Amino acid sequence: MLPKKGTSEEEILNELEKRLNVDLTFNSGKILGSMCTYPHSLAQKIICRYMDRNLGDPGLHKGSREIEKEAVQMLGELLNLKKAYGSIVSGGSEANILAVRAFRNINDVERPELILPKSAHFSFLKASDLLRVKLVWAELNDDYSVNVKDVERKINDNTIGIVGIAGTTGLGVVDDIPALSDLALDYGIPLHIDAAFGGFVIPFAKVLGYDLPDFDFKLKGVQSITIDPHKMGMAPIPAGGIIFRKKKFVDSISVPAPYLAGGKVSHITITGTRPGANAIAVWALLKHLGFEGYKKIVKEAMELSRWFAEQIKTLDGAYLIREPMLNIVSFGTKELEKIEKELKKRGWGISAHRGYIRIVVMPHVKKEHLENFLIDLKEILGEH
Ligand SMILES: Cc1ncc(COP(=O)(O)O)c(C=O)c1O
């Protein structure tokens with residue numbers, strides 16, 4: 001209830017401390033099933049210092065706008081693009097919606113259709129509903145990557161775009177993006193890559209020697225990429241990224257925003273008023289960590305994932321769904337629902353609603369957390 005008279009800061013803070021005690025925190029070592037992590041300490045400082053900056057009115061905050069542009073450019077360079085167009089947005093969902101919106105707008109089709117893998121994130125359902133674009137689901141291969149032949153079979157005159165995934169939400173699978181790119185070029189259809197998760201993993205993992213397909217603008221058919229700094233980029237929520245190869249995509253989704261205090265500009269994002277601090281934090285982390293800094297984070301996460309996958313293989317009553325490609329390890333168990341319930345009772349932040357338990361080895365996940373989890377898992381499996 002809204003109090004008539006205000007409450008002291010101290011009381012408010014004390015109440016929050018008590019009430020939010022039930023939230024799982026990343027540093028508890030219990031959150032094993034999230035793609036978010038504890039933000040980098042530099043980003044925390046930046047959020048406090050620049051929390052008043054509004055990228056929705058860039059005429060007022062010209063410095064912030066410049067910094068956002070540079071952040072977009074650095075993300076583009078990470079993805080092998082010389083000149084990048086796009087924005088720091090609220091997350092992977094908004095980024096995917098913007099890509100579908102651009103593909104729809106540049107295509108003059110009455111009944112637009114988008115072909116995407118059955119493994120795609122549910123944000124495309126939102127895009128479909130908002131934009132009235134029909135989703136055409138492509139089958140998966142036995143290894144859970146998209147079946148490129150099925151994608152080709154589903155292309156028709158209404159197809160406005162194809163989606164490939166570089167790091168699926170459930171299993172971290174990277175589709176055969178080079179083959180999708182060839183297909184997109186052959187048929188003259190734009191290809192969007194959802195690298196919301198993999199965008200901050202694959203470029204570094206490849207340099208570390210992991211055998212992963214190309215997925216970025218190096219491939220000529222790729223026209224746009226979702227890449228989320230608030231996942232493996234260590235940035236605070238909200239921070240997603242949408243990067244386009246060509247200006248025409250951005251132009252197709254620009255709307256004029258005439259009344260702003262800072263002067264007339266145009267917006268491509270779904271949000272109007274939006275946090276400058278988060279975009280500034282993305283810029284700061286890219287500069288501060290650099291390629292080598294992110295490589296180190298990815299090295300640890302990938303090595304720990306491999307170790308954990310090997311441990312799962314030794315368990316009675318549990319099995320890997322597939323060998324991990326990125327730092328996501330998913331496994332099935334006997335009596336999955338019961339096992340999930342027991343793990344949750346012991347405080348583990350995991351879910352099994354996809355038919356398996358997914359462990360995302362984010363930077364806050366340490367070996368000792370996984371060892372503790374394995375002790376509990378073994379015990380619970382033994383009881384069933
Ligand atoms: C592959 C992929 N795309 C998009 C999203 C949506 O990102 P967000 O939750 O930041 O909107 C996710 C989130 O898990 C994802 O895994």
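Since we're looking at a predicted model, the values are computed, not measured. Residues take their numbers from the sequence shown, with the count starting at 1. Counting starts at 1 for both ligands and their atoms, in listed order.
Between Arg306 and Glu303 there is no salt bridge, since none of the side-chain N atoms of the basic residue sits less than 4.0 Å from a carboxylate O of the acidic one. Using a 4.0 Å cut-off between charged nitrogen and carboxylate oxygen, Glu15 and Lys18 do not count as a salt-bridge pair. A salt bridge between Glu337 and Lys341 is absent, with no side-chain N of the basic residue lying under 4.0 Å from a carboxylate O of the acidic one. Look at Asp214 and Lys206 and you find a salt bridge, because one of the NZ, NE, NH1 or NH2 atoms lies within 4.0 Å of a carboxylate O, short of that distance. Taking the charged nitrogens against the carboxylate oxygens, Asp129 and Lys126 have no contact shorter than 4.0 Å, which rules out a salt bridge. Salt bridge Lys69/Glu66: present, at least one basic N to carboxylate O contact under 4.0 Å.
For His364 and His369, the ring centers are positioned 6.0 Å apart or more.
Residue Thr168 places no N or O, backbone or side chain, under 3.5 Å from any N or O of ligand 1. Distances between N or O atoms of Ser93 and those of ligand 1 include at least one value under 3.5 Å. Considering backbone and side-chain N/O atoms, Ser90 never comes within less than 3.5 Å of an N/O atom of ligand 1. Polar contact with ligand 1: present for Gly92 (N/O pair, distance under 3.5 Å). The shortest N/O to N/O separation between Glu94 and ligand 1 does not fall below 3.5 Å.
For ligand 1, the atoms lying closer than 4.0 Å to a non-hydrogen atom of Gly167 are 1 (C). Ligand 1 places these atoms under 4.0 Å from at least one heavy atom of Asn96: 3 (N), 4 (C). With ligand atoms numbered from 1 in the order given, ligand 1 contributes 2 (C), 3 (N), 4 (C) to contacts under 4.0 Å with heavy atoms of Ala196. Heavy-atom proximity to Gly91, at under 4.0 Å, picks out these atoms of ligand 1: 10 (O), 11 (O).
Residues Ile357 and Leu343 meet the side-chain proximity criterion, which asks for heavy atoms closer than 4.5 Å.
In this structure, the protein non-hydrogen atom closest to atom 10 (O) of ligand 1 is His230 NE2, 2.8 Å. Nearest protein neighbour of atom 9 (O) of ligand 1, counting heavy atoms only, is Lys231 NZ, 4.0 Å. For atom 12 (C) of ligand 1, the nearest non-hydrogen atom of the protein is His121 CD2, 3.3 Å. From the protein, the heavy atom lying nearest to atom 14 (O) of ligand 1 is Met35 SD, 3.4 Å. Among all protein heavy atoms, the one lying closest to atom 3 (N) of ligand 1 is Asp194 OD2, 2.7 Å. Of the protein's non-hydrogen atoms, the one nearest atom 16 (O) of ligand 1 is Thr169 OG1, 2.9 Å.
Closest approach of Arg104 to Pro112, counting heavy atoms only: CG-CG, 4.1 Å.
When heavy-atom distances to ligand 1 are checked against a 4.0 Å cut-off, Asp228 comes that close only through its side chain, counted from C-beta outward.
Distance check, rounded to the nearest 0.5 Å: CG of Leu55 to CG of Asn278 gives 9.5 Å.
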